[in-house]
Amino acid sequence: MRRRFHVFVIPLGLVLATSATTRAAGPKPTVVAKQIDQLLAEELALSPSELAPAVNDTTFLRRVYLDLLGTIPSPEEVRAYVADDLPRKRRRLVNELLKRPEYGVSQARYWRDVILSRRLEDRAIVVGPALVEDLAQWINDGEPWDAIARRFITATGTASENGETAIFVAQDGRTEEIAAEVSRIFLGVQIQCAQCHDHPWDEWKREQFHELAAFFPRVGMRPIRDARPLDLMVNVADRPDRPRFRSGVNLNRRGRPEHYMQDLEKPGEVGERIEPKFFLTSLELPAGTRDADRRAELANELTQTDWFATALVNRYWSELVGEGFSEPIDDLGPGRESLAPGAADRLAGAFADSGYDLRWLHKTILATDAYQRESRPRRTPDEKPFTASVAQPLRGDQLLDSLLAALEVDESRLRGLGGGRGGYGIATPRLGFNAAFGYDPSEPRSTIQATIPQALARMNTPQLNLAVQALPMTVVGRLQREHGNDVEEITSELYLRTLSREPTAEELATVNDFADEATWSGAAMEDLMWALLNSAEFAHRR
């Protein structure tokens with residue numbers, strides 16, 4: 001059942017270019033980017049008149065900072081980039097940002113949200129800090145995506161110390177739910193519907209789902225006794241199978257030797273014992289196989305399927321361009337139609353050839369014209385895809401880090417930010433902020449809505465309100481000291497540090513009129529700073 005890439009035709013010139021530049025390190029990102037743009041134009045019959053123009057330098061700068069580092073550039077970085085007149089400065093910028101440690105942290109936070117947004121066990125947030133720290137290090141060290149996936153699938157240990165346990169902890173150690181999430185996250189295949197019956201519209205059968213689940217029954221998850229703050233342990237039970245002892249609660253706490261598919265007509269009985277078998281390949285293991293071998297074999301097999309590369313490419317393309325080749329991004333399914341199958345398959349194949357190099361994937365997508373076009377509102381069904389970028393609402397971490405950068409506030413000074421609940425001894429201002437502003441990155445962006453608690457948090461958080469005032473220790477206060485009553489200079493600085501651009505003539509005129517009517521210019525600049533931070537432009541990556 002191995003999925004094959006679609007057959008498509010690449011122009012001869014591009015084929016030769018690829019052959020000439022393909023090295024052990026993988027295909028050259030700029031060459032593949034051109035192929036992707038050309039394939040999109042051919043498959044979607046895009047005409048130049050339909051395409052949005054390329055973004056200007058300041059928009060591109062803010063976009064790549066948010067996409068790669070999860071925050072906005074400083075005014076000094078904006079000015080330096082605009083003044084740079086050397087060739088290929090966009091490519092140089094991307095290469096420089098990919099070397100910064102914030103790159104791994106930002107990507108790790110994205111995956112933390114992917115894994116923990118659909119947690120069954122609320123206490124699973126205890127794994128969040130370790131997940132971000134570990135994953136950031138692996139990504140910054142250049143560890144390939146298939147190696148990272150193997151870590152998650154074969155993990156054991158303590159949640160607070162071992163981030164790779166995140167999927168098991170999030171799913172409360174439950175065999176069926178772990179299998180479903182591993183398939184969804186790493187393959188883009190949502191097979192969970194087949195847990196109770198054959199999948200209603202895909203080809204997956206109920207037996208296939210439970211054969212996948214049979215790779216995970218020996219994994220359990222339990223609280224660590226007397227741990228303060230609370231901690232969780234992913235453990236393994238490699239013991240002889242004794243079906244008569246299977247009844248009772250909390251079986252997911254200690255792991256089971258084998259997996260049994262319950263007869264839905266006889267819910268009181270144990271059911272049929274199922275042996276591990278991977279639904280995408282010929283991998284089969286006998287009952288009695290030790291846990292380490294089960295999960296290691298599955299991890300090796302899963303990461304070699306075409307679905308593995310396709311799932312990540314589709315997810316990253318959606319995150320960076322605004323729409324996936326297939327939507328929803330984590331439900332590719334064998335019967336789904338890709339918007340541009342040739343382009344999707346070319347990118348997935350080249351990503352595999354790169355050795356599943358995440359930096360390579362970012363370099364390639366960011367080098368495409370599709371990424372570098374101006375943003376337009378999300379398209380209607382009768383409009384062609386990928387003619388423009390699509391504005392993305394900032395995730396909780398991106399919004400918080402951008403606020404902190406704009407206001408020059410140290411995160412360690414924050415208290416009770418956002419109003420969200422933390423709990424379990426690891427509550428932090430960032431966790432509270434994410435509770436109010438975070439969202440599941442796997443959900444379609446069109447479904448992400450602003451909420452009243454978000455508005456209230458931004459308006460009523462004492463630290464933010466204090467930071468926008470013209471006080472001696474704030475940004476607005478410092479600018480007042482440096483520029484006196486020069487409204488235009490201060491306005492320019494505030495626009496650069498919030499929206500990464502200069503104000504337009506119309507905006508400047510509006511601010512001047514407002515400042516003339518204010519009791520003093522400091523109050524006008526406070527209001528301007530507050531308005532900029534609460535604008536839709538600040539809260540989106542355009």
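Numbers here simply count residues along the sequence, with the first being 1.
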Do the side chains of [X] and [Y] get close enough for a salt bridge, i.e. N-O under 4.0 angstrom?
X	Y	answer
D146	R150	yes
R118	D330	yes
E319	R315	no
R478	E408	yes
R222	D231	no
D84	R92	yes
R378	E323	no
D57	K89	yes
E507	R501	yes

Could you tell me whether the side chain of [Y] reaches within less than 4.5 Å of the side chain of [X], counting heavy atoms only?
X	Y	value
P223	R123	yes
L232	T158	no
Q398	R541	no
L312	L358	yes
V94	F60	yes
L40	F325	yes
M529	R497	yes
N140	R359	yes

Exercise for review: Decide side chain to side chain contact (heavy atoms under 4.5 Å, CB included) for H362 and L98; before the verdict, give the C-alpha distance in whole Å, the side-chain angles of both, and the deciding distance to 0.1 Å.
Suggested key: CA-CA 9 Å; H362 269 118; L98 286 171; 4.1 Å; yes

Any chance [atom1] of [X] has more than 12 other-residue heavy atoms, nucleotides or ligands included, within less than 6.0 Å?
X	atom1	answer
E506	CD	no
R88	CZ	no
E482	CD	yes

[X] [atom1] to [Y] [atom2] distance, which is reported to the nearest 0.5 Å:
X	Y	atom1	atom2	value
M221	L120	CE	CG	9.5 Å
T364	I36	OG1	CD1	8.5 Å
R62	L496	CZ	CG	11.5 Å
D172	D122	CG	CG	11.0 Å
I148	I139	CD1	CD1	5.0 Å
I115	D440	CD1	CG	11.5 Å

Practice item. Mind running side chain to side chain donor-acceptor pair (under 3.5 Å) on E77 and S74 for me, showing each step along the way? Key: CA-CA 5 Å; E77 288 168 322; S74 67; 3.2 Å; yes

Donor-acceptor pair, [X] side chain versus [Y] backbone, under 3.5 Å?
X	Y	answer
E374	V55	no
H483	L479	no
S183	A180	no
E526	A470	yes
E327	G324	yes
N434	D397	yes
R184	G188	no
S117	V114	no
N534	W530	yes
W360	A350	no

Check your understanding: Checking side chain to side chain contact (heavy atoms under 4.5 Å, CB included) for the pair L44/F386: CA distance, chi angles, key distance, verdict?
Key -> CA-CA 9 Å; L44 299 170; F386 311 135; 3.7 Å; yes

Point to revise | Six-ring centre of Y371, R63 cation under 6.0 angstrom, axis tolerance 45° | key: yes

Review point. Do E502 and S492 have side-chain atoms, one donor and one acceptor, less than 3.5 Å apart?
Key: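 Yes, a side-chain donor-acceptor pair sits under 3.5 Å.
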
Review point. Do R445 and Q392 have a side chain donor and acceptor closer than 3.5 Å?
Key: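 There is such a pair between these side chains.
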
Over all atoms of both residues, closest heavy-atom pair of [X] and [Y]:
X	Y	answer
R395	S106	NH2-O, 4.0 Å
L131	R112	CD2-CA, 3.5 Å
G70	D401	O-CB, 3.7 Å
S402	L66	OG-CD2, 3.6 Å
L97	L69	O-CD2, 3.6 Å
S535	L532	OG-O, 2.7 Å

Exercise for review: Evaluate side chain to side chain donor-acceptor pair (under 3.5 Å) for R90 paired with Q372, printing each intermediate quantity in order.
Suggested key: CA-CA 10 Å; R90 293 192 176 190; Q372 297 190 24; 3.1 Å; yes

Exercise for review: Decide yes or no on side chain to side chain contact (heavy atoms under 4.5 Å, CB included) for L533 and L407, but give the supporting numbers first.
Suggested key: CA-CA 9 Å; L533 294 175; L407 294 169; 3.7 Å; yes

Exercise for review: Could you check E102 against R100 for salt bridge (Lys or Arg N to Asp or Glu O under 4.0 Å), going step by step and ending with a plain yes or no?
Suggested key: CA-CA 5 Å; E102 304 99 297; R100 289 173 54 164; 2.8 Å; yes

Check your understanding: Can you check whether W111 and F152 have ring centres sitting under 6.0 Å from each other?
Key -> no

**Study point:** F351: partners by ring pair (Phe, Tyr, Trp, His ring centres under 6.0 Å), with sequence neighbours left out
**Key:**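 Applying ring pair (Phe, Tyr, Trp, His ring centres under 6.0 Å) to F351 gives Y356.
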
Check your understanding: Could you go step by step and tell me if T380 and E383 meet the side chain to side chain donor-acceptor pair (under 3.5 Å) rule?
Key -> CA-CA 5 Å; T380 59; E383 293 177 318; 3.3 Å; yes

Result block: side-chain N/O donor-acceptor pairs under 3.5 angstrom for residues 515-525, not counting sequence neighbours:
{"unit_1": "S521", "atom_1": "OG", "unit_2": "Q480", "atom_2": "NE2", "d": "3.4"}
{"unit_1": "S521", "atom_1": "OG", "unit_2": "N485", "atom_2": "OD1", "d": "3.0"}

Check your understanding: What's the verdict on ring-ring contact (aromatic ring centres under 6.0 Å, His included) for Y316 and W145, showing C-alpha distance, side-chain angles and the deciding distance?
Key -> CA-CA 13 Å; Y316 271 32; W145 181 237; 7.5 Å; no

